[in-house]
Amino acid sequence: MWQSVEAKERQKYENIQDDKKQEFSASLQEMIDNSIGYQLDRKKFLGIMGAAVAMAGMKCSRDPVEKIVPYLVRPPEAQPGIPAYYATAQMSSRGVLPVLVKTREGKPIKIDGHDDHPVHQGAMTVNGFAVIWDLYDPDRLKTSKVGKDGKFTDISTADAVKKVTEIINSSQTVRVLSRPEYSPAGKSVINGFLRSKPGSRQITYDFRGTIQSLVDAQKKSYGRAIVPQYRYDKADLILSIECDFLGTWISPEVFTKQHSNRRNPDGKMNRLIVAESMMSLTGANSDDRLPIHAGSHVALALGLANILLPMSQYAGNGNILNAVSTYTPEKTSEITGLSIDKIKAIANELNQARGSSLVLGGGASSRSEVSGELEVVVNLLNSILGNEGSTVLTDVPMAEMDDIADNEQLSSLIKELNSGNVDLLILDRVNPVYELPEDSGFKEALKKVKNVVSLSSYMDESTVKSNVVVALSHFMESWNDTYYMGIYTVAQPVIRKIFDTISFGDAWLQLQGNADNYYQYIKNVSAPGYLAGNFGSIWEKTIAAGYYVHRKTSGYSAARGFNAASLFGVGKTVKDSSGFTLSFYESIQIGDGQGANNAFRQELPDPVTKIVWENYAAVSNDDAKANGWRMGDILSLKNGNKEMQIPLYVQPGIPKGSIAIAIGYGHEEMGAIAKGVGVNTNTLAKFSNTGTKYSGIAVSVQKVKGGYELATTQRHHEMEGRALVRYAELGKYKQDKKAGNHEHKLEGKGLYTPHNYALEVKSDVYKWGMSIDLTKCTGCSACVMSCYSENNIAVTGKKEVWRGREMAWLRIDRYYEGEINNPSTHFAPLPCQQCENAPCENVCPVGATLHSSEGLNDMVYNRCVGTRYCQDNCPYKVRRFNWFENTYDKIQDPMQMSLNPDVTVRGRGVMEKCTFCVQRINEQRQMARNEGRAVHEEDLKTACQQGCPANAITFGDLGNKETIVAQKAADSRSYRMLEDINVKPRVNYLTRIINKG
Amino acid sequence: MKSKLLKVGIPVFLIGGFTWVMMGFPPNPRVGYAPEQPIKYSHKLHAGQYNIDCQYCHTTVTMGKKAAVPSLNICFNCHEVVGDKGTFNTGDKNTDKLYEGEVEKLRAYWDKNQVPNWIRIHNLPDHVRFSHQPHIHAFLKPGQPTKEVCKLCHGDIASMEVVRQDKPVNTMGFCISCHRDNKALGAQVNCSTCHY
């Protein structure tokens with residue numbers, strides 16, 4: 001196994017120390033020399049001794065006086081030191097994520113999945129955890145502003161709303177630009193505004209295009225603008241064409257949960273085939289991955305339809321036949337770069353799994369000139385294969401989205417703005433200057449508008465071009481409601497507004513002169529449409545529970561008839577282009593870029609490339625070799641007169657001729673963190689009346705210069721070719737349960753004397769351990785983010801990560817294996833292994849890391865003097881050292897509020913590591929003992945386990961044979977990493993089983 | 001300037017520090033700490049003479065990490081009707097005189113929607129995590145007055161007019177010796193019992 005291209009072509013990084021400045025002005029030796037060389041005369045000597053005597057007589061000064069401020073009237077739910085959980089929901093342009101917010105003393109400190117939620121079942125994403133730091137972002141708008149030409153003065157938000165109302169009253173033509181809305185109340189307040197203001201119109205657009213193109217295609221093929229339900233749990237075979245459903249597509253957390261339920265080698269395991277032009281998380285998790293040229297995805301879908309059509313009920317449909325018949329396997333092969341045999345084999349597999357397969361297509365990297373092109377063909381494939389009504393359900397759609405504008409509406413808006421006839425443009429939580437492609441001309445058109453009002457939380461690229469900025473609250477500060485997947489949620493605020501802001505609902509109500517506040521509006525206008533029965537009690541219950549099941553899926557729905565006319569125009573954009581073609585994708589960390597001003601998102605390594613704080617042009621190894629490019633070169637990508645310069649990254653698995661770049665980077669405004677990080681892809685994205693082109697953009701490529709450094713977390717943690725991730729094919733596993741899992745027996749007795757638990761307390765019956773199922777783990781990194789949030793882990797910045805000083809307690813190692821052009825990818829989450837024979841414990845000179853009676857390797861921060869011997873001796877390299885005051889010196893008000901008060905904030909010079917969330921263990925053990933019982937397995941979850949949408953992580957008592965973790969540890973797939981060095985980890989891994997069909 | 005400071009500072013520190021250690025560390029400065037509080041609240045009167053159970057005011061001690069200084073509304077459960085000038089009668093003239101006007105102070109806070117800022121007496125270092133709840137549960141028997149358990153660490157608060165720190169609760173030795181003695185009750189002596 002090899003890890004990355006860097007490992008293959010190892011470069012010298014040592015000489016690139018840009019920071020030559022020494023930390024201390026003089027070395028210790030110098031200081032001692034100086035002091036010895038000091039000429040002491042008798043008078044000075046006496047002076048010094050006098051001072052020394054004074055010091056010897058000194059008593060410790062008393063600690064600073066601390067005050068206790070009690071409550072005037074303590075609310076019963078506010079118990080000092082006891083967390084309170086509130087159910088609420090996050091809403092993004094991608095969908096709704098129900099969450100539980102953990103608050104301590106009134107401050108939200110952590111976001112958790114909502115375990116009781118009927119659809120999500122606690123599933124979480126990276127983004128779901130990261131919003132906690134958005135709430136406390138010091139760069140968020142603290143008050144509203146008025147200004148012109150980029151110069152702003154602060155005014156109170158109440159005044160700003162008044163001012164906007166004045167502007168509205170004096171305007172004739174008003175346009176509202178907004179984002180996809182999943183809130184019934186939100187939709188209805190904006191509609192109320194439009195009704196109250198004649199001459200106003202709303203345009204909703206979807207920046208990433210995921211929802212827009214999907215809904216476009218649904219409308220064309222089946223007549224209704226909906227996001228259907230995809231049932232991964234019912235699909236035996238999944239074919240994804242450019243669709244990163246495990247990472248970024250619509251609701252990846254739900255899809256991961258359903259998908260991972262079927263990643264069970266002892267049950268009926270599903271099979272995942274991915275065809276893509278970049279290396280997505282879904283591709284990395286596939287059983288079979290087909291690299292296709294950027295922009296050729298529609299051809300592949302049409303080619304498959306061509307083969308499958310004669311075997312379906314649509315065989316006689318001339319229109320469909322016309323559309324697909326030119327895509328013979330030969331031609332498809334030529335365009336996509338796949339072999340004819342492979343295309344036929346996949347078609348055959350799909351045919352075998354009729355009605356229980358699922359074809360998916362979409363996402364940023366599939367956006368072509370014709371919006372929804374791929375999705376229409378995918379609809380056709382699902383209809384042909386009989387998946388309609390079985391794995392694609394419409395009885396309860398995920399969302400109904402009939403108001404998303406297509407590009408034609410957007411470009412007519414831009415024309416209108418350009419004509420100077422628009423008096424007022426209201427930007428409602430959108431950032432079109434950044435989000436729309438440069439060639440759409442939006443930026444220039446905006447200058448022609450008389451007044452621009454922005455409802456925003458940040459001074460972003462569009463906001464700085466506004467006349468009035470109304471500061472919006474974070475979702476955790478405001479009321480809202482959502483309707484998603486048949487579930488109605490009343491999202492409640494969990495903290496009082498930190499700054500002088502207003503929730504978007506209240507803003508819209510006030511702008512239309514409605515005296516209600518948004519809470520009353522939701523309760524009186526929106527909720528009655530969903531809640532049935534005794535409204536008063538159901539309303540309260542819905543808020544408390546965080547969900548109300550409005551419509552429940554039956555698991556089946558009638559197959560819709562496919563409208564052949566929707567294929568009109570499809571495939572016209574497919575060209576067999578030579579040279580380089582670009583595709584843009586959404587990254588898991590940054591997404592659409594709305595949360596880019598969050599250091600935790602920026603520092604989370606990309607699950608596949610492990611690069612932080614940057615986007616980059618991922619090119620294939622062949623292309624890099626052929627052109628003499630190396631990692632660290634800056635490439636210039638040119639299309640016409642548009643140019644973009646971006647560092648190169650050699651990414652295994654990218655097909656020759658394709659270049660993949662993440663969107664969401666390259667902000668010019670927004671805040672200290674987002675500004676200037678990465679490159680904005682919208683320079684090269686193409687805007688037209690029919691669609692926004694993200695995929696298949698032809699570019700000429702030139703190397704500009706070399707020597708640029710990308711910071712990655714992977715090259716510091718090489719494991720030098722040992723079989724750390726074990727895997728086997730399903731067929732072999734069926735024959736031999738230990739397939740791929742070859743035990744490494746220890747020879748001889750080993751160095752260690754085992755820890756003597758008999759000396760410990762009798763009542764300590766727990767043996768904490770963890771099991772990680774590598775078959776289920778997708779590497780999505782939600783666990784990493786959850787760990788960051790729970791354990792007050794600091795971010796360090798790009799330079800420090802580059803030096804290997806990132807602080808993540810839990811990292812996910814990614815290994816490639818096989819051919820460099822299409823490798824198989826393996827993920828291995830690596831928390832502290834809590835070794836029984838812990839090498840770290842032996843070498844600590846001050847006893848700062850010791851074995852606990854429950855088998856944990858305790859880390860005592862206040863004892864640590866920072867020798868770093870333990871880090872040196874750790875075979876798993878999971879210990880992290882604080883080279884700086886990573887938190888105390890860098891944290892800005894009000895970010896300290898996000899810290900978990902149950903976990904020490906580590907200072908400089910202290911080692912830290914995963915503790916198995918010992919604060920949670922202690923809490924649960926105490927509670928159990930108070931009640932005279934043992935700890936319930938379901939009560940005690942580590943942060944990573946709670947964060948895992950795939951249920952890959954199990955934690956519990958290994959001593960009790962009844963627990964799931966003990967059963968998993970005894971499984972035939974179970975193994976321990978580096979077991980041959982006899983450190984006896986408490987973490988075991990389950991062999992990864994791959995379904996090769 | 002800096003180097004001169006170092007030249008003087010290092011010998012002063014080394015010699016002075018050595019002497020300081022050799023003389024023996026000074027006694028725990030917090031034991032006996034009894035600062036004056038914004039209101040002269042007497043535990044002797046409430047918990048001692050009137051025998052009000054500790055948990056009547058410190059309500060979260062069995063549930064949470066903190067015993068919690070009571071919120072003001074708890075005071076007014078009684079002081080709504082007792083303790084004002086004229087009705088103030090503890091049965092002892094001297095006591096009456098000592099605390100005269102204190103209830104009015106409390107009422108003044110209450111009327112202004114303010115709270116007194118009490119001065120913290122029992123204060124552990126920030127790297128120690130202490131929770132009241134397991135300790136109370138381990139020692140408190142059904143029907144037993146809570147103060148008999150509180151006494152183990154806080155001393156006889158019910159006899160103190162001004163609360164002072166009675167025992168060296170801010171030292172690790174105090175915690176760990178008790179934990180060693182009470183292994184049967186489930187007390188642990190792991191590092192992560194208190195430090196995490």
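Below, chains carry the letters A, B, ... as their sequence lines are ordered, and counting in each starts from 1.
Taking CG of A/Asn922 as the reference point, atom OG of B/Ser131 lies at 9.5 Å (rounded to 0.5 Å). We find the CD-CD distance between A/Gln79 and B/Gln133 to be 11.0 Å, quoted to the nearest 0.5 Å. Within the model, atoms CD of A/Glu66 and CG of B/Asn123 stand 4.0 Å from one another, a figure rounded to the nearest 0.5 Å. Separating the CD atom in B/Gln114 from the CG atom in A/Leu72 is a distance of 9.5 Å, to the nearest 0.5 Å. Atoms CD and NE2, on A/Gln926 and B/His132 in that order, are 12.5 Å from each other to the nearest 0.5 Å. Distance NE2/B/His137 to CD/A/Glu931: 8.0 Å, rounded to 0.5 Å.
There is no contact between B/Pro125 and chain A, counting heavy-atom distances below 4.5 Å. Residue A/Arg906 does not touch chain B at all, counting heavy-atom pairs closer than 4.5 Å. With a threshold of 4.5 angstrom between heavy atoms, A/Pro901 approaches chain B through N, CA, C or O but not through any side-chain atom.
The environment of CG in A/Asp889 is crowded: more than 12 heavy-atom neighbours from other residues, nucleotides or ligands sit within 6.0 Å. The environment of NZ in B/Lys167 is crowded: more than 12 heavy-atom neighbours from other residues, nucleotides or ligands sit within 6.0 Å. Other residues, nucleotides and ligands contribute at most 12 non-hydrogen atoms within 6.0 Å of the CZ atom of A/Arg496.
Contact record, A/Pro70 with B/Ser71: CB-CA, 4.4 Å, taken as the closest heavy-atom pair. In plain terms, the two heavy atoms of B/Pro134 and A/Asn930 that are nearest each other are CA-OD1, 3.9 Å. Nearest heavy atom pair, residue B/Lys65 against residue A/Gly81, reads NZ-O, 3.3 Å. The two residues A/Ile82 and B/Gly64 have their closest heavy-atom pair at CD1-CA, 3.6 Å.
Considering only heavy atoms from C-beta on, B/Arg129 comes within 4.5 Å of A/Thr904 through its side chain. The shortest side-chain heavy-atom distance between A/Arg925 and B/Gln188 falls under the 4.5 Å cut-off. Side-chain contact between B/Tyr196 and A/Thr915 is absent, with no heavy-atom pair separated by less than 4.5 Å. Counting heavy atoms from C-beta on, the side chains of B/Phe76 and A/Val73 never come closer than 4.5 Å.
Under the side-chain hydrogen bond (donor to acceptor under 3.5 Å, both in side chains) criterion, A/Gln919 pairs with A/Glu790, A/Asn791, not counting sequence neighbours.
Contacts with chain A were tallied for B/Val128, B/Asp126, B/Asn113; B/Asn113 has the most, counting heavy-atom pairs under 4.5 Å. Ranked by heavy-atom pairs under 4.5 Å with chain A, the list B/Ile136, B/Leu72, B/Ile121, B/Thr62 is led by B/Leu72.
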(request) Take B/Asn190 and A/Glu854, measure what side chain to side chain donor-acceptor pair (under 3.5 Å) needs, and give me the verdict at the end. (result) CA-CA 9 Å; B/Asn190 294 324; A/Glu854 296 176 349; 5.4 Å; no
(message) Apply side chain to side chain donor-acceptor pair (under 3.5 Å) to residues A/Arg74 and B/Thr59 and explain how you reach the verdict.
(response) CA-CA 11 Å; A/Arg74 181 171 67 82; B/Thr59 47; 3.3 Å; yes
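Within the 3.5 Å criterion, the main-chain N or O of B/Asn117 finds no donor-acceptor partner in the side chain of A/Lys67.
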